[in-house]
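To keep things clear, I will list the structure first and then write my remarks on it.
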2 protein chains.
Amino acid sequence: MPWPKSTKAVRVPKANLHSANCPTRLILDDVMSRWGSLVLVLLLERSYRFSELAYLIGGVSEKMLSQTLRRLEVDGFVRREVHATKPPKVEYSLTPLGCELGKHVQSLLSFVHKNASRVLKNRDNAKEREAG
Amino acid sequence: MPWPKSTKAVRVPKANLHSANCPTRLILDDVMSRWGSLVLVLLLERSYRFSELAYLIGGVSEKMLSQTLRRLEVDGFVRREVHATKPPKVEYSLTPLGCELGKHVQSLLSFVHKNASRVLKNRDNAKEREAG
DNA sequence: CAGAATCCCCTGCGATACTG
DNA sequence: CAGTATCGCAGGGGATTCTG
């Protein structure tokens, strides 16, 4: 990774978010992950149990859901509450920080969802142009 | 993927964003990708050439950058302009749709970046608790 | 300069089976 | 119910080389 010696000419916009060793990227791996984002949006609405999340999020495996939740918990976005009832019951909810985060994620996902058909049309056009 | 037959009791929040076959997810693969999000934020500022992006985004390989840009272009978020100068020059910029998208992505990334230190601290605490 | 193509490794992730 | 543990493979992605 050759990086120029003259620090003068180097301009890194928006802080150092784009530099390879910026720790923010490690967090983005959790937040922007396929399942992480969906979990955050769901929990924004209300708290859910493990099996509820597994049901609501189509296509997720227990392994990935578990992993996703644990990472979000470690980051401090998600709170995990165990109720020692019978059968056991575990509730997941957002911390205040996770709630703030979730709002940003939701606005992004909503936008994409709203414009999905247009984007799909763009994809079709591109494929057509390539073929024709 | 067994889905209950009674559509009555099923409540899928926020449209069907969480269902496995929702096309929105395909788009999210591009938008929420490690490099895609960084590209979008950079291009929000101004247009860039390929090599500039490759330089600014630390750690990205030419292959991944190329792939990322092509996907965002196909989706209609990024515009690619070739200037047949010598040496050749290719400029990447955002379409209006991409610009809207970029704003959402930026607000998310900014938030994460702003709270990065707190999250890292949370991680350390979690690791400590696990060890202790 | 701006990529495409090839090779190849590594790991993310699903499937399955088992525990508290 | 709410997970862990183990296995196995497809494919994501880096390094390198080649083109216009």
Side-chain angles (χ1 to χ4, degrees), chain A residues 1-4 18-21 25-39 42-43 47-74 78-93 126 130, chain B residues 1-2 18-21 25-39 42-43 47-74 78-93 126 130:
Chain A
M1 206 89 54
W3 202 260
H18 298 87
S19 83
N21 56 352
R25 288 203 189 166
L26 300 176
I27 303 167
L28 288 178
D29 282 344
D30 294 356
V31 173
M32 313 269 289
S33 73
R34 165 183 260 98
W35 310 120
S37 55
L38 295 178
V39 165
L42 274 177
L43 290 182
S47 70
Y48 281 108
R49 302 174 55 183
F50 184 86
S51 55
E52 292 177 316
L53 290 173
Y55 172 73
L56 288 171
I57 303 180
V60 71
S61 66
E62 290 186 355
K63 178 183 171 181
M64 287 317 297
L65 181 57
S66 171
Q67 193 176 108
T68 299
L69 287 167
R70 209 175 328 120
R71 294 170 77 150
L72 291 176
E73 187 196 0
V74 166
V78 161
R79 178 173 33 238
R80 181 177 182 271
E81 266 172 307
V82 182
H83 304 274
T85 60
K86 200 168 68 169
K89 177 173 162 180
V90 180
E91 278 208 83
Y92 292 94
S93 56
E130 176 186 5
Chain B
M1 208 82 55
H18 298 86
S19 84
N21 57 352
R25 288 202 188 166
L26 301 175
I27 305 168
L28 288 177
D29 283 343
D30 294 355
V31 173
M32 313 271 288
S33 72
R34 166 187 259 95
W35 309 120
S37 56
L38 295 178
V39 165
L42 274 177
L43 290 182
S47 70
Y48 281 108
R49 302 175 55 183
F50 185 86
S51 55
E52 292 177 317
L53 290 173
Y55 172 73
L56 287 172
I57 302 178
V60 70
S61 66
E62 290 186 356
K63 177 184 171 179
M64 288 316 296
L65 181 56
S66 171
Q67 191 175 111
T68 298
L69 287 168
R70 209 176 328 119
R71 293 170 77 152
L72 291 176
E73 187 196 358
V74 166
V78 160
R79 179 174 31 238
R80 181 178 183 268
E81 265 173 305
V82 182
H83 303 275
T85 60
K86 201 168 70 170
K89 179 175 162 181
V90 180
E91 278 208 83
Y92 292 93
S93 57
E130 174 187 6

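In what follows, chains are A, B, ... by sequence order, proteins preceding strands, each numbered from 1.
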Pairs under 3.5 Å (N/O, protein and nucleotides 2-6 of chain D):
from	atom 1	to	atom 2	distance (Å)
D:dA2	OP1	A:R49	NE	2.9
D:dA2	OP1	A:R49	NH2	3.0
D:dA2	OP1	A:V90	N	3.4
D:dA2	OP2	A:S51	N	3.0
D:dA2	OP2	A:S51	OG	2.6
D:dG3	OP1	A:R80	NE	3.3
D:dG3	OP1	A:R80	NH2	2.6
D:dG3	OP1	A:Y92	OH	3.2
D:dG3	OP2	A:Y92	OH	2.5
D:dG3	N7	A:E62	OE1	2.9

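If you take CZ on B:R71 and CG on B:D29, they are separated by 6.5 Å, rounding to the nearest 0.5 Å.
As a whole-Å value, the separation of B:M64 CE from C:dG3 P is 15 Å. A straight line from CD1 of A:I57 to P of C:dC13 spans 14 Å, rounded to a whole angstrom. A straight line from CD of B:E81 to P of C:dG3 spans 13 Å, rounded to a whole angstrom. Atom OH of B:Y48 and atom P of C:dG3 are 17 Å apart (whole Å). Residue A:R34 contributes atom CZ, which lies 8 Å from atom P of C:dC13 at whole-angstrom precision. For the pair B:R25 CZ and C:dC13 P, the interatomic distance rounds to 13 Å; values are reported in whole Å. B:Q67 has its CD atom 19 Å from the P atom of C:dA2, to the nearest Å. Atom pair A:D29:CG and C:dG12:P shows a separation of 10 Å (rounding to whole Å applied).
The shortest side-chain heavy-atom distance between B:L28 and A:R34 does not fall under the 4.5 Å cut-off. Under the 4.5 Å side-chain criterion, counting only non-hydrogen atoms from C-beta, B:L69 is in contact with B:L65.
In this structure, A:L43 and A:Y48 approach most closely via the heavy-atom pair CD2-N, 3.8 Å.
Of the candidate nucleotides D:dG14, C:dC1, C:dG14, C:dC1 has the atom nearest to the side chain of B:P87.
A side-chain contact (heavy atoms from CB on, under 4.5 Å) with A:R80 holds for exactly one of A:E91, A:E73, A:R70; it is A:E73.
The local environment of CZ in A:R79 is crowded, with over 12 non-hydrogen atoms from other residues, nucleotides or ligands closer than 6.0 Å.
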